[in-house]
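Some notes on the structure that comes next.
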Protein chains: 2
Amino acid sequence: MVKITDVARHAGVSPSTVSYALSGKRPISEETRQRVEASIRELGYRPHAGARALASSRSNVLALVIPLRTGIHVPVVMQFAVSVVTTARRHDHDVLLLTQEEGEEGLRRVADTALVDAMIVMDVQLDDPRLPLLRSLDRPSVMIGFPAEADGLTCIDLDFKAAGELCVERLAGLGHRVVALVGSPPEVYVRGTAFAQRVVQGFTAAADRNRLASSVHPCEAAPGAAAAVAEQLLREQPALTGVVVHNEPLLEPLIDAFEQLGLRVPADLSVTAICPDELAESVRVPITSVALPAAELGSRAVELLMKKLDGKTVPDATLLAPRLTERASTAPRNAP
Amino acid sequence: MVKITDVARHAGVSPSTVSYALSGKRPISEETRQRVEASIRELGYRPHAGARALASSRSNVLALVIPLRTGIHVPVVMQFAVSVVTTARRHDHDVLLLTQEEGEEGLRRVADTALVDAMIVMDVQLDDPRLPLLRSLDRPSVMIGFPAEADGLTCIDLDFKAAGELCVERLAGLGHRVVALVGSPPEVYVRGTAFAQRVVQGFTAAADRNRLASSVHPCEAAPGAAAAVAEQLLREQPALTGVVVHNEPLLEPLIDAFEQLGLRVPADLSVTAICPDELAESVRVPITSVALPAAELGSRAVELLMKKLDGKTVPDATLLAPRLTERASTAPRNAP
DNA sequence: GGTGGGCGTCGAAGCGCTTCGATGGAGGAA
DNA sequence: TTCCTCCATCGAAGCGCTTCGACGCCCACC
């Protein structure tokens, strides 16, 4: 193994000079740096990660905790993870993969052993048990999602309230006057992933603002429930022409159910959804939708961590603006 | 930060004794170990990963390179990754995530900086450019998949030949006499992921052994191709009653196409496939299939690496036996 | 011409751990 | 009793790097 002393000897300087040439933490003359760099290339020198971590108390590794719970869309998690790795590399960091399964103990372990400098935690719940831990650790972290009480923590997520609003605004813009939200299963609102509630808030706010008649329906995620929901919606709001769906598994069956009831999408009924793009595109009638911007979320999370590691302060909360992709499921009211 | 000298002082022993009590590399009296362990708990001691890595030249971290190419089924990759992490943790190791994108440079970097002790490489191609690199690095690795020339490397994968055979044997056992294989796109066979060819070999061998009439059809993965393929199959083999599909995107459309042509599955035509379980289950007629055992592959790969790190020798090639899951798409020939 | 101040470089200490050789004491064999 | 062995423990060296204080040199300024 070639070490820093070898490089130093080869370049005719001291080891500390090599170190400074590499890190730039002290001025080194242009000429010397050239010589050092040449020696490094020639000898194929690579600093030993462990030695570096020990001496500098920086490992240049981030931890990423990925969720395993069912109901989480796997491709989105993957997209996020890849984006985190890619962005971390741009900042000369690597990524250690932890599973939710290992839980708090895993986080504590990698933090306390100084294996990682900072961590990213996905799938945060309102009353997430990891909150006190993250607060107590001496390393910075970023959470994907918002807990109920985020004091002293840094969070980032899609702005689900704005997403709900955006869906409604789009429908309103197309002339629809009576709209409904088909939401997530009731237990989701209870159990506490905040985003579901935020969608409802946004939906309601935008509907009121536009003076639309509106209703909200939490729904089981079982495809079998679709027919009943569709029927109920039409019974309660016979003039319904716009629907927002925030319930992935129900999306496709719901479209089918509406058509069974004689409503054509989008001619008679416009549908928007908050769901991954792939799902929106794979439905028979491609759905106008707002997607979770997983890649952007990942890279923004890393950027936040890097700033924190640099000792800069960052906003406690970051909300990403939703973007709506127009597809075939929306049309002006009373279109042919 | 509490360090080993703190523990030593607290327990009234020397630092080396603490180290030995922890690693078990030298005998320590029961009484002393108890005392050391108590001190560790009381002080909340955690050995510094960097220091440990530096002194022992073992980082206890594995690298996992995940593929990004399209056409790779994301949930399977995820399953694999989770299994690797879980198994690595059981062996007191962590997992560093690398993307294919970083390529050879990434592997070389983490190996040369001693950031990882060993690595797992997924999605290996016949002429994978990483082969010479893996051979030249001083750290052990395991590859998922078989390249053309695997000398000196350790590989593991599903036994695709046996998988092809198993599908045919099942059909033969049900009395089918005329079978066809709908394979992957032609370029896959050319470009060189060995497994596609292995399936063909297994299919053909088993068909011959059972004296079945058989044919092989590489197919585009576009759903639109299904109708043409189905028609062609029936034209060329009018007595066809058994089909093996090794082409994920084509599976569902193909079933539809056969039914369009008046063949009921499984009454008139039995279908088996090599594909992820979720896909097999999501088709209208659930498909009897052989799945890629991602979780087992992951944990076996880690076990192999651990053995290599212990200096033990392991087999160059490990083939996992396929398992066929019976579903609704197969029936005895001439069943009602 | 003397002096103060950078700039560029060096030397040494030390990060926290593992490991090797040494050591002391207990126990068994002669 | 004496000597040898073996077990449990200790002390010190060193893993490869970063970092801090020190130092010499050159230039500018008076």
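Excluded from the calculations below are hydrogen atoms, water molecules and symmetry mates; all remaining heavy atoms, backbone and side chain alike, are included. Each chain gets a letter, A, B and so on, in the order the sequences are listed, and its residues count up from 1.
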Q: Can you sort out the partners of A:Leu54 under side-chain contact (heavy atoms from CB on, under 4.5 Å), two or more places apart, ordered by chain and number?
A: B:His48, B:Ala51, B:Leu54
**Q.** Outermost nucleotides of DNA chain D that come under 4.0 Å of a non-hydrogen atom of chain A
**A.** D:dG16 to D:dA22
Name each donor-acceptor pair under 3.5 Å that joins a side chain in residues 302-315 of chain B to protein atoms two or more places apart or in another chain, with its distance.
from: B:Glu303; atom 1: OE1; to: B:His91; atom 2: NE2; distance (Å): 3.0
from: B:Lys308; atom 1: NZ; to: B:Ser141; atom 2: O; distance (Å): 3.1
from: B:Lys308; atom 1: NZ; to: B:Thr154; atom 2: OG1; distance (Å): 2.6

Q) For DNA chain D, what residues of residues 22-30 of chain B have any heavy atom nearer than 4.0 Å? A) B:Arg26, B:Pro27, B:Ile28, B:Ser29
Q) Any sub-3.5 Å donor-acceptor pair from A:Arg46's side-chain atoms to B:Thr113's backbone N or O? A) no
**Q.** Short side-chain to backbone donor-acceptor contact, B:Ser39 and B:Arg35, under 3.5 Å
**A.** yes
Please list, pair by pair, any protein nitrogen or oxygen found under 3.5 Å from a nitrogen or oxygen in nucleotides 23-26 of chain C.
none

Q | Strand-adjacent residues in residues 52-62 of chain A, judged by heavy atoms under 4.0 Å from DNA chain C | A | A:Leu54, A:Ala55
Q | DNA chain D contacts made by residues 44-51 of chain B, counting heavy atoms under 4.0 Å | A | none
Q: Only stems of 3 or more consecutive Watson-Crick or G-U pairs count here, both distances under 3.5 Å; name the ones for DNA chain D, or none.
A: C:1-30 with D:1-30
Considering only distance and modelled atom types, tabulate donor-acceptor pairs under 3.5 Å from the side chains of residues 76-87 of chain B, sequence neighbours left out.
from: B:Ser83; atom 1: OG; to: B:Ala295; atom 2: O; distance (Å): 2.5
from: B:Ser83; atom 1: OG; to: B:Ser299; atom 2: N; distance (Å): 3.1
from: B:Thr86; atom 1: OG1; to: B:Val82; atom 2: O; distance (Å): 2.7
from: B:Thr87; atom 1: OG1; to: B:Ser83; atom 2: O; distance (Å): 2.7

**Q.** For B:Asp157, salt bridge (charged side-chain N to carboxylate O under 4.0 Å, His left out) partners two or more places apart
**A.** none
Q: Scan residues 5-28 of chain B for pairs that pass salt bridge (Lys or Arg N to Asp or Glu O under 4.0 Å), counting only residues two or more places apart or in two chains.
A: B:Asp6-B:Arg9
Q: Please identify each residue that fulfils side-chain contact (heavy atoms from CB on, under 4.5 Å) with B:Ser16, with sequence neighbours left out.
A: B:Ser14, B:Tyr20
(Q) One pair to check against salt bridge (charged side-chain N to carboxylate O under 4.0 Å, His left out): A:Arg109 and A:Glu102. What are the steps and the verdict? (A) CA-CA 10 Å; A:Arg109 182 174 54 80; A:Glu102 251 212 284; 3.0 Å; yes
